[in-house]
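Contents: one structure, followed by commentary.
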Amino acid sequence: MQTAETVIIGAGQAGVPLARALAEAGRDILLVERDALGGSCVNFGCTPSKAVIASARLAAQARRAAEWGVTIPTVEVDFAAVMDRARSLVAEQRGELEESFRQPGAARLLRGEARIEGQDGNRFRIRAGEAVVLADRLVLDTGSRAARPDLPGLEQVPLIDSRNWIDLRERPGHLLFLGGGTIALELAQAFRRLGSAVTIVEAGPQLTEREDPDVAEVLQRTLEAEGIAIHLGAKPERVEAGGEGVRLHLGGRVLEGTHLFLATGRQANTDTLGLESIGLHPGEKGVLEVDERLRTGVDGVFAVGDIRGGPQFTHTAYDDFRVLRSLFLEDGARTTRRIVPYAIFTEPELGRVGLSEQEARKAGYPYRIGRKPMAESGKARDIGRTEGFIKVLSDPGTGKILGAAALCDSGAEVVQLFVELMNAGADLRTMLDGVHIHPTLGEAAKNAAAALYD
Ligand SMILES: Cc1cc2nc3c(=O)[nH]c(=O)nc-3n(C[C@H](O)[C@H](O)[C@H](O)COP(=O)(O)OP(=O)(O)OC[C@H]3O[C@@H](n4cnc5c(N)ncnc54)[C@H](O)[C@@H]3O)c2cc1C
Ligand SMILES: NC(=O)c1ccc[n+]([C@@H]2O[C@H](COP(=O)([O-])OP(=O)(O)OC[C@H]3O[C@@H](n4cnc5c(N)ncnc54)[C@H](O)[C@@H]3O)[C@@H](O)[C@H]2O)c1
């Protein structure tokens with residue numbers, strides 16, 4: 001039987017840095033992981049998806065090279081090489097993580113599937129394979145997986161999801177994406193640009209349901225122009241093997257593809273953790289309720305990352321680590337009351353922060369809006385990236401920023417300008433009074449803000 005002051009289950013985006021920080025502070029710490037270090041982000045999420053997207057963007061730009069006055073006679077995609085590049089970036093990051101746990105003073109690492117088996121006095125009892133550990137404190141960072149919709153026939157067809165897509169070695173002939181959210185949009189565009197036929201089947205009335213309709217419209221138009229078929233308001237009834245590989249039945253129609261790609265949301269990995277043994281019961285989609293310091297309803301048990309509900313991103317999981325570091329090693333002042341930006345890495349790229357227009361309206365917030373199409377930005381025209389717009393919402397009384405959307409080249413970087421102003425509590429006048437480099441997309445962001453005062 002082993003003991004530890006703190007056991008962390010899951011070597012994900014919060015678990016790894018927390019284990020490091022606690023070990024560096026001389027604390028007795030054990031990290032349990034059932035699979036590869038680095039969790040979803042490193043192994044099949046952010047890292048490989050952004051690598052594949054980079055290859056796909058290059059292919060798309062090369063095909064349009066004549067617009068920039070450059071002749072590229074033929075553009076060929078070596079799909080296997082694209083995937084190998086992504087996998088080698090994963091292997092590199094994973095290797096660096098493994099190495100860091102071999103260093104002197106590193107946290108103890110236990111390999112295996114952890115399950116909580118109740119309490120021995122004040123301590124939590126955790127089993128991983130043959131090993132049993134007693135811990136004073138428990139941090140759960142077990143991440144999420146692709147949710148499985150209740151669709152008859154699912155187990156009979158060739159399925160791809162946000163985890164096993166990274167194993168592809170041959171280009172899929174025709175991908176049917178179930179769901180039109182972040183994962184579908186990013187990967188649908190990438191696979192299309194790498195040469196697959198792609199269809200998106202979305203139950204809601206627009207793509208990416210959380211965003212404003214003007215954002216969704218630009219994304220839909222762009223994807224359709226690239227040859228992606230999009231079905232909105234679709235109610236899939238059943239799926240079966242047949243035709244090219246998969247047949248999806250919806251509303252009297254049958255869509256055919258070679259593979260079904262499941263992208264209908266996320267399910268927290270809390271179902272096999274044994275949480276009931278300590279009196280914890282996850283809610284919808286497996287999410288565990290926490291307070292602003294990530295405390296669950298059981299004293300000494302904390303939940304971080306995708307399983308704690310709310311935004312499910314690498315940067316929020318990493319910030320959860322900072323909340324717990326503050327609580328365990330510092331003054332505990334840091335909380336999850338934070339401004340959370342995010343992005344959809346399509347082209348044009350969407351950078352977002354704060355309220356969308358429809359959210360502000362629904363919540364009854366008074367707001368003013370400044371908006372500039374990218375076609376009016378000198379920089380966007382110079383670089384041939386005029387799709388999209390930048391818009392910013394501000395409070396009419398204080399001039400403070402309520403939210404922003406940068407749907408443009410490098411939108412994830414551009415939106416950061418608004419994020420920093422929000423973090424500083426500054427109003428839009430700060431931006432308008434400043435001098436911006438010409439020609440930049442930052443200048444376009446300033447012009448969107450200026451449109452508020454026109
Ligand atoms: C395709 C894709 C692309 C993405 N792109 C982005 C992006 O561009 N930007 C972004 O911010 N986010 C992105 N995300 C989301 C991001 O990957 C997650 O939000 C983030 O990894 C969550 O971190 P986490 O620490 O909660 O969980 P994870 O990183 O998933 O770590 C959880 C770990 O717990 C382990 N585990 C689970 N159960 C047990 C158990 N019982 N015992 C032992 N170990 C266990 C798992 O094996 C895993 O290693 C993407 C996700 C996907 C799927
Ligand atoms: N750039 C990033 O930061 C990034 C990238 C990829 C993934 N992620 C993470 O993954 C999450 C996105 O995962 P996702 O795209 O699977 O979920 P999502 O919630 O973004 O989208 C799921 C979509 O599927 C639709 N849907 C649900 N059931 C359906 C059905 N039966 N048939 C058709 N459509 C259906 C929903 O209406 C919704 O639009 C993000 O919220 C984030 O946590 C982040």
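Both counts, for ligands and for their atoms, begin at 1 and track the order of listing.
Considering backbone and side-chain N/O of E186, none are found under 3.5 Å from N/O of ligand 1. Checking only distances, N269 never comes within under 3.5 Å of ligand 1, N or O to N or O. Remark: ligand 1 and R266 share no N or O pair separated by less than 3.5 Å (distance only, no angle test). Note: no N/O pair closer than 3.5 Å links D35 and ligand 1 by distance alone. Remark: ligand 1 and S144 share no N or O pair separated by less than 3.5 Å (distance only, no angle test). Between A114 and ligand 1, at least one pair of N/O atoms sits closer than 3.5 Å.
When heavy-atom distances to ligand 1 are checked against a 4.0 Å cut-off, N43 has no atom that comes that close, whether in backbone or side chain. Only the side chain of L273 comes within 4.0 Å of ligand 1, counting heavy atoms alone; its backbone N, CA, C and O stay farther away. Looking at F345 against ligand 1, only its side chain comes within 4.0 Å, counting heavy atoms.
For atom 8 (O) of ligand 1, the closest non-hydrogen atom on the protein side is K50 NZ, 2.7 Å. Nearest protein heavy-atom neighbour of atom 37 (C) of ligand 1: T142 O, 3.3 Å.
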Nitrogen or oxygen contacts under 3.5 Å, ligand 2 side and protein side:
{"residue": "ligand 2", "atom": "1 (N)", "partner": "E186", "partner atom": "OE2", "Å": "2.8"}
{"residue": "ligand 2", "atom": "1 (N)", "partner": "A343", "partner atom": "O", "Å": "2.9"}
{"residue": "ligand 2", "atom": "15 (O)", "partner": "T182", "partner atom": "N", "Å": "3.3"}
{"residue": "ligand 2", "atom": "15 (O)", "partner": "I183", "partner atom": "N", "Å": "3.0"}
{"residue": "ligand 2", "atom": "16 (O)", "partner": "A263", "partner atom": "O", "Å": "3.4"}
{"residue": "ligand 2", "atom": "16 (O)", "partner": "G265", "partner atom": "N", "Å": "2.9"}
{"residue": "ligand 2", "atom": "17 (O)", "partner": "G265", "partner atom": "N", "Å": "3.4"}
{"residue": "ligand 2", "atom": "19 (O)", "partner": "R210", "partner atom": "NH2", "Å": "3.1"}
{"residue": "ligand 2", "atom": "20 (O)", "partner": "T182", "partner atom": "N", "Å": "3.3"}
{"residue": "ligand 2", "atom": "34 (N)", "partner": "A203", "partner atom": "N", "Å": "3.1"}
{"residue": "ligand 2", "atom": "37 (O)", "partner": "E202", "partner atom": "OE2", "Å": "2.6"}
{"residue": "ligand 2", "atom": "39 (O)", "partner": "E202", "partner atom": "OE1", "Å": "2.7"}
{"residue": "ligand 2", "atom": "39 (O)", "partner": "E202", "partner atom": "OE2", "Å": "3.2"}
{"residue": "ligand 2", "atom": "43 (O)", "partner": "Q312", "partner atom": "O", "Å": "2.4"}

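The aromatic rings of F191 and W165 sit perpendicular to each other, their planes meeting at more than 60°, with 30° as the lower class boundary.
Using a 4.0 Å cut-off between charged side-chain N and carboxylate O, E186 and K50 make a salt bridge. Remark: R371 engages D214 in a salt bridge, criterion side-chain N to carboxylate O under 4.0 Å.
For F328 and F321, the ring centers sit 6.0 Å or farther from each other.
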